[in-house]
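Notes follow the structure.
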Amino acid sequence: MTEPAKTEPTRILPATDAAIAEAAGLLRAGQLVAFPTETVYGLGGDATEGRAVAAIFAAKGRPSFNPLISHLPNVARARELALFTPLAEKLAAAFWPGPLTMVLKRRPDCPVSDLACAGLDTIALRVPAHPVARRLLEAVGRPVVAPSANPSGRVSPTSAQHVAEGLTGKLALVLDGGPCAIGLESTVVDATGTRPVLLRPGGVTLEALEDAAGPVITPERDPDAPTSPGQLASHYAPALPVRLNAAGVNPDEALLAFGPPLPGAAVTLNLSEAGNLEEAAANLFAMLRALDQPGLAGIAVMTLPESGLGRAINDRLRRASAPR
Ligand code: TXA
Ligand code: MG
């Protein structure tokens, strides 16, 4: 595949019909295209083409080959790639299209490259809800792998500008579909058995999963439960150190507030003054980016509840604050 020269600015196009058709052609030709989903922007490549998948790892600078999610326009296309258990059918009916990723056994004739699945006999599948993503996936006619469109270890992108800032020169095109409505990655669930196993908290809450499919196995409840491969402790990291559960704030610190803000910070952004977790999720990555300013000592973060989307937000914040 031919890579654009590193000095070329990345093309960003509003997601018109013509731009989506061009993006689909680029993907079918083995190029990389970033596109909006309701969770975060994805760095897309043809899942069936090992060289395109390898180019994604190279563009992100991933330290290892973590397995990627294959994106499909509908559940029928997803069933062609993996063995759907009764649990998977139930979860698909409840949450697709939407921010849920299911890990299932690959079919023997699954055309997705082994590199995309890191050599595992399982595959992660998602049908996104964003209309631009769905139209693009329809037009490509092949599964598209798409990790978050950011350099490895950095904060995930929730706008086309974030993508261009992080990956300039490393992809053919960014489709601009505006800011992401959810702002957190999808929830990843192993649905190969009879009970769902939570591998990564995300846009679908644990409460919603349990309403749809009964008790969920999680790492907190079952210390032997697996988590997603490649869930690095230090991830989603701004350059500044991040301090959680701040009860006070220093004058040389930035404050990421939730609810009524603590006084005295150098600069404050509020995830949600009203204490709304959906609003906080949508703001999280953009605000971490905006507070990550040179000259400050760190980012202090107020406490968020460990319920609903708070679980996924706290998971990302713990990774952002982990020792590097
Ligand atoms: O919201 C999202 O999921 C975004 C958008 C672009 O769709 N994508 C995303 O991809 O977050 P990525 O590559 O950053 O995360 C993929 C997650 C990782 O935690 C990975 O370990 C897990 O899915 N995963 C993929 N294949 C797996 C498998 N076969 N078994 C277990 N976990 C798997
Ligand atoms: Mg990511």
Side-chain angles (χ1 to χ4, degrees), residues 32-45 47 53 56-57 59-72 81-83 95-106 110 112-130 132-134 136-137 143-158 162-163 166-167 174-175 177 180-193 196-204 219 225-237 281 284-285 312 315-316 319-320:
L32 306 187
V33 171
F35 62 95
T37 82
E38 70 278 25
T39 59
V40 299
Y41 275 71
L43 178 61
V53 179
I56 290 178
F57 289 119
K60 283 185 65 81
R62 278 214 172 170
S64 60
F65 293 155
N66 300 328
L68 302 178
I69 299 168
S70 290
H71 295 70
L72 294 311
L81 304 181
L83 300 169
F95 299 111
W96 279 358
L100 179 75
T101 294
M102 284 198 277
V103 173
L104 294 167
K105 288 269 184 245
R106 282 170 71 121
C110 173
V112 170
S113 87
D114 284 321
L115 182 56
C117 297
L120 301 168
D121 64 351
T122 52
I123 184 167
L125 301 176
R126 170 156 123 80
V127 176
H130 197 293
V132 173
R134 301 191 75 192
L136 177 66
L137 294 168
V144 171
V145 279
S148 51
N150 53 286
S152 186
R154 311 309 299 193
V155 175
S156 294
T158 54
H162 295 166
V163 177
L167 294 177
V174 184
L175 282 180
C180 300
I182 294 177
L184 283 177
E185 293 87 347
S186 61
T187 299
V188 182
V189 166
D190 180 330
T192 56
V197 181
L198 182 69
L199 299 179
R200 177 179 76 179
V204 170
T227 56
S228 273
Q231 281 274 78
L232 299 176
S234 166
H235 199 20
Y236 306 100
L284 176 66
F285 291 137
D315 171 76
R316 305 305 188 271
R319 288 172 207 285

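Every number for a ligand or one of its atoms is a count from 1 in the order of the listing.
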Working for side-chain contact (heavy atoms from CB on, under 4.5 Å), residues S156 and H162: CA-CA 8 Å; S156 294; H162 295 166; over 6 Å; no
Any chance you could lay out the side-chain contact (heavy atoms from CB on, under 4.5 Å) test for H130 and I182, step after step, and finish with the verdict? CA-CA 10 Å; H130 197 293; I182 294 177; over 6 Å; no
Does the pair Y41 and L167 meet the rule for a side-chain contact (heavy atoms from CB on, under 4.5 Å), with working shown? CA-CA 12 Å; Y41 275 71; L167 294 177; over 6 Å; no
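In E185, the parts holding a heavy atom less than 4.0 Å from any atom of ligand 1 are both the side chain and the backbone. In N66, neither the side chain nor the backbone holds a heavy atom less than 4.0 Å from any atom of ligand 1. Counting heavy atoms closer than 4.0 Å to ligand 1, residue V103 contributes side-chain atoms (C-beta onward) but none from N, CA, C or O.
For the ligand labelled ligand 1, residue A146 lies inside the 4.0 Å heavy-atom shell.
Screening T37, V144, L175 against L136 for a side chain to side chain contact (heavy atoms under 4.5 Å, CB included) leaves a single residue, L175.
Evaluated by nearest non-hydrogen atom to atom 13 (O) of ligand 1, the leading choice among P157, S156, P147 is P147. For atom 25 (C) of ligand 1, the candidate residues are S152, A149, P67, S70; the nearest heavy-atom contact is made by P67.
Between I69 atom CD1 and N66 atom CG the span is 11.0 Å, to the nearest 0.5 Å. Atoms CZ and CG, from R126 and L100 in turn, are 9.0 Å apart once rounded to the nearest 0.5 Å. A distance of 11.0 Å separates CD1 of I123 from CG of L83, quoted to the nearest 0.5 Å.
The Mg ion (ligand 2) does not have N150 among its coordinating residues (no N/O/S atom, backbone or side chain, under 2.8 Å).
Close contacts of ligand 1 with I69, meaning ligand atoms under 4.0 Å from a residue heavy atom, involve 3 (O), 8 (N), 9 (C), 10 (O), 16 (C), 23 (O). Close approach of ligand 1 to T122 is summarised as follows: ligand atoms under 4.0 Å from at least one heavy atom of the residue are 28 (C), 29 (N), 30 (N). In the vicinity of A124, heavy-atom distances shorter than 4.0 Å reach the ligand 1 atoms 25 (C), 26 (N), 27 (C). In the vicinity of H71, heavy-atom distances shorter than 4.0 Å reach the ligand 1 atoms 5 (C), 7 (O). Applying the 4.0 Å criterion to heavy atoms of S148 picks out, from ligand 1, the atoms 9 (C), 10 (O), 14 (O). Near G42, meaning under 4.0 Å from one of its heavy atoms, ligand 1 places the atoms 6 (C).
For the pair R316 and P201, the minimum side-chain heavy-atom distance is below 4.5 Å. With contacts defined as side-chain heavy-atom distances shorter than 4.5 Å, the pair M102/F95 does not qualify.
The shortest N/O to N/O separation between S186 and ligand 1 falls below 3.5 Å.
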